[in-house]
Amino acid sequence: MERLDKILAGTGRWSRSEAKELIRAGRVRWAGEVVRRPETKVNREDIEVDGISLSAEKLVYILLHKPAGVVSATEDRREATVLSLLPPPWRDMDLFPVGRLDKDTEGLLLLTNDGELAHRLLSPRRHVDKVYLARVEGVPDQGDQEAFRRGVVLKDGTVCLPAELTLTEDPSECYVTLQEGKYHQVKRMLASRGKPVRYLRRERFGPLVLPPGLAPGEWRFLTEEEKTALFRSQP
Ligand code: URA
């Protein structure tokens, strides 16, 4: 339970004082009853402003260029989290990262409070493509490509689904396309081929592409086109 005015301000649509005015004006209901005291403690689910449910309006989709050094979690006792990169109204909107990138991995991370979409995107049955740029020690070659195509066996015996490894002009770099998301998967796949990863960045997540102009640590809302593509990508 949280203060009603704080929840309203947390949506980013009203300042704290505007939220208080709305409440005092009798325009806000909780669990069907008008609430006139801004400090009333309520839960987020049953709030209506002018008869419109707040939860119907508050789905947020953010594309973050995750920098190295922050963890893909909503809370952490010791480390800075990806949510700490957002300004306060968005930090308080129950957003969470869809999947995880390691602390030292950079790149595209989707943050949302749409649990249903996240569930569908992360389901192992859905096979959402994820593309990573990896800089490695050694030179990835056709043997690695073939091994990835067949399905790499990790050092602990785990068998990975077939994946794509694309060579680039830079001999120490390659792109890896995966349809699953095991713990440290790209690093472990390349390590099993004797090519330890020195730098990793996620370039794509399903239909979403890391925008070239978005520096590490920067974020923006998904465009309408991106949202449509994301929802359409769901079989
Ligand atoms: N694979 C990894 O090894 N690390 C990541 O952060 C993502 C994929």
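Nothing here was measured: the structure is a model prediction, and the numbers come from that model. As the structure lists them, so they are numbered: ligands from 1, and atoms in each ligand from 1.
For Arg91, the CZ atom is densely surrounded, since the number of other residues' heavy atoms within 6.0 Å is greater than 12. Shown here is Gln142, whose CD atom has no more than 12 heavy atoms of other residues, nucleotides or ligands within 6.0 Å.
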Donor-acceptor contacts under 3.5 Å from residues 199-206 side chains, at least two apart:
from	atom 1	to	atom 2	distance (Å)
Tyr199	OH	Glu106	OE1	2.6
Tyr199	OH	Arg201	NH1	3.1
Arg201	NE	Glu203	OE2	2.6
Arg201	NH2	Glu203	OE2	2.9
Arg202	NE	Leu108	O	2.9
Arg202	NH1	Tyr132	OH	3.2
Arg202	NH2	Leu108	O	3.0

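Taking the ring-ring contact (aromatic ring centres under 6.0 Å, His included) definition, one finds that Phe96 meets it with nothing, sequence neighbours left out.
Closer than 4.0 angstrom to ligand 1 lie heavy atoms from Leu101, Asp102, Thr105, Tyr132, His184, Gln185, Val186, Lys187, Leu200.
Screening residues 77-87 for side-chain hydrogen bond (donor to acceptor under 3.5 Å, both in side chains) gives Glu79-Lys103 as the qualifying pairs, with residues at least two apart or on separate chains.
Side-chain contact annotation: Asp170 with Ser172, donor-acceptor N/O pair under 3.5 Å present.
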